[in-house]
Amino acid sequence: MKNRIIITNIQRMCFHDGPGIRTTVFLKGCTLRCPWCSNPENLSPLPEDYEKDGIHGVYGREYTADELVKMVLKDRDFWGTEGGVTFSGGEALMQTEALEDVFRELKNRGVHLAVETALFVPEGLLEKAMSYIDDFIVDVKILESSLCREVLGGNLELYLRNVSRLYESGRLKLFRVPCCREYTFSERNRELLMSFFQKYTGIPVQIFAIHSLGEKKYQSLGRAMWKVEELGWEALETYCRELQQAGILAEVIRI
Amino acid sequence: MREPAAVQTGQPAGTITGIIPEGRMKMISKRIIPDDFKDNGIDKSYDEVFALICQNIRIQIPEGRFVYFVDAEYVMDTTKGYRYENLTPACDKILHRGLKGLKYPEAEVANDFCRSYNTVLDQLIVLADRIIEALEPCGSRMEQQKFWFERLKDRPAEGFAEAVQRMLFINQIFWQTDHRLTGLGAWDSYLLEYYQKEIERGSLDRKEALEILKDLYRTLHENYTYKSNVMLGDTGQIFVLGRSNEQGNYICSDLTYLFIEAMKEVQQSEPKCLLRVSRNTPGDLIETALESIATGLGAPLLANDDVILPELIRFGVDKRDACGYGTSACWEPLIIGKSTSLNNMTVLNYLKALDNLLKRERLEEIRTFEELVERYLVYLRRNLRAVKRVLSGYRFQYNPLLSVFTEDCYEKKMDVSQGGARYHHVGITSVAMGNLIDALWNIREFVFESHRGTLYDVKKILIENFAGREELREELKGRASRFGTDEEEVLNLVNRITACVSEEIEDFRSYLGGRMKIGLSGSAYMDAARNFGASFDGRRAGEPFTVHISNEDNDGFTEIVSFASQLEYGSNRFNGNVVDFMVSPDFIHHNWEKYVEFLKGCIRKGFFEMQMNVVGSRTLLEARENPDKFPNLIVRVWGFSAYFRDLPEEYKDVLIERALKNEGLA
């Protein structure tokens, strides 16, 4: 199993997934089931058939570590001193074991590595990843334990322990909050978010509205997408100001 | 005989009044050739016609700073034989000596060419005198200009604006004698000593220099219609800025920045700039260039010295000369002022050989994809041999004016048409490499891998222009383009094909001994496609070919740049290879710092040349519907910038389709 890395996409020239210009690797398989997920092709850890505009295809392709290293290094000259590779998903850390050779090889070549993660992963995997990864971008979602379990299927206590561990290591560089009126942006959750961020002072926070851009991907998989009611820019701005007033380095971004 | 020359005054800068109203295109078809140029129906000699032009053209005195005019009704007739065009004369030769100083001393006039050479300079003095006379009634308003033209006759230039005026004078006479697509050259280098001298003296400051350059742009933008070649905006007027020297250091000055700033502020489609860049180009110069590009001007085009210079030197261009390269109007490297290389002599259509193969070959004998490629190369060689036969027969017109402003002609006492210039290679451009690669890939899958049909089926489908096979056509068209992806297999195939071309043209020699070059850029992606049948990339008969080195299906721009950087440009494959992509203004503005880093990364990676169309699909769609609302919308077409409203509809469509694809909307 070790070298079987399943990837849905390698996106080159990304400007928003870490410092500098980055190549982002989207890994298949996720530990959560967020109702608003816009990457349904990354939920299952196995390759999946799809049909889009009459054309059949498969989401997910297996790579060996060598193949993946070769692929991502194609853009090496564009990264400069800041850029590098970001692993996203799905839950990128779930494939830490398989990715270890890739991490090691890239690290040996001096490549800056980042992970974008929801952090609902066993502590062992996080520990292993931390020996290679420079920057972690961490999603913050539902911070109420029972709701988190019911809606997302996640163990909040595990998540909080992982956040704490990462924060201590100094590698936690950014929080990202997908704002959804019913859950993450509910009044109660906004309060919880506020005190959560205050605990981790100095870590910047990006908030953004969930969107329906993943609809075509749901269709291609023969699934229905959760009906998204997009939050207005103004609501996000207002909340962002509240966070800022509380001394949190918050900004609203468009995805 | 012509009426005595009239003097028109009050011609405001920036307008095109006084120039033939019908426009250049009409003029080509209904060419006006003055009766004076013939004697009892027989063409007069070059010297006689040149003298008539200097003595008779209508002089127009502008209200602005610079004297500059073209009398479009009294233009030299160059329609017989093969004319020189798309060149950049050494207009800076006029800076250090006056017209008289360029002449052969009497004792050295050894042949007819020397006599013609001196006649050109004598007649330019006549024209200078006529201009001085015409400036007389303007009194003090034109005092300075009068002084400049007096000095032009026999003294070196002194001041910055005077130097600009001198080179404008030379430029206008090139247009007057029907040199189409006349390039401008490295004006930031030519003018530097005058700029520095005046700055040190305190007689000029940066702000005033910027105003002078803005006037220069406006002046050269006049006669826009007359100067345009086959499409409005296609004038070849290009300033070549920045450069690497022989030691590999990057040379630029305040003037380099000023030229870009002036272009950005004037916001006219042309003239335009090419910025030579290298790994050593300062970051703030790249940022200045991006500020201009991001306005939508599409300029400067970027040319990468790190890639181009070694290829020129390997081809046999002296290192010092190579460092002085510019381009022929768009992308084809040209040694400014030392070369009469015609770099756009014809167009190679890469699909043509595949079409020939399908129509002529015994297709049942081709059993593998490898055999198909082998046979393709045989047909490609045949097409190239035909090109070589035609081009080796061309003879160029006698051209003493160009000889005056081309290095070595003076020393050799030889006209450019006799081989007076230091370099006289020829170049061809190409189209449809993208279509060819995608077509070959599709044929491989269709015939040799999934066995869905035979090569005869492919032939039939194409001859019938996909009639009854629309589903298949959509499938082929819908596949992500392979050309422009940096997969090893694709790169190897493209390099294999261009290596074959390179080898085949290696033995070509023009009548002057010039060699042949080829590139992957070409402006004929529309014209050459119009009467060309369907192709197996899903392109219907008559639809445009792909544009230069581009791929709108790429995930990010880095892939096309990475692809282009791994193409082989060696031997003779450096005749213009431009990466071309569409990018929305928002994308650049929202990611400014990272975009600058991206451009630096592109240079490091090693593109040959790169140009960007910074415009969103929504703007283009609106401008197509309501042209009056967007009179000044500028886009990049071929290798130049043009007003969107001036483009033929089919060019507008291609730009819109590319923008939509780039934004993921098509």
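Because the structure is a prediction, the values reported are computed rather than measured. Letters A, B, ... mirror the listed sequences (proteins, then strands); counts begin at 1.
Between A:Met13 and B:Phe557, the closest heavy-atom pair is SD-N, 3.4 Å.
Put simply, of B:Glu559, B:Glu471, B:Glu597, B:Gln566, the one with the most heavy-atom pairs under 4.5 Å next to chain A is B:Glu559.
Side-chain contact between B:Glu593 and A:Glu82 is absent, with no heavy atoms from C-beta onward closer than 4.5 Å. Counting heavy atoms from C-beta on, the side chains of B:Asn591 and A:His16 come closer than 4.5 Å.
Atom CZ in A:Arg22 sits 13.5 Å away from atom OG1 in B:Thr558 (nearest 0.5 Å).
Panel note: side chain A:Lys74, backbone B:Asp486; a donor-acceptor pair is recorded below 3.5 Å.
Taking a 6.0 Å sphere around CZ of A:Arg223, one finds it holds more than 12 heavy atoms contributed by other residues, nucleotides or ligands. Heavy-atom contacts from other residues, nucleotides or ligands closer than 6.0 Å to CD of B:Glu449 number more than 12. Other residues, nucleotides and ligands contribute at most 12 non-hydrogen atoms within 6.0 Å of the CD atom of A:Glu234.
Ring centroids of A:Phe15 and B:Phe587 are separated by less than 6.0 Å, placing the two rings close together.
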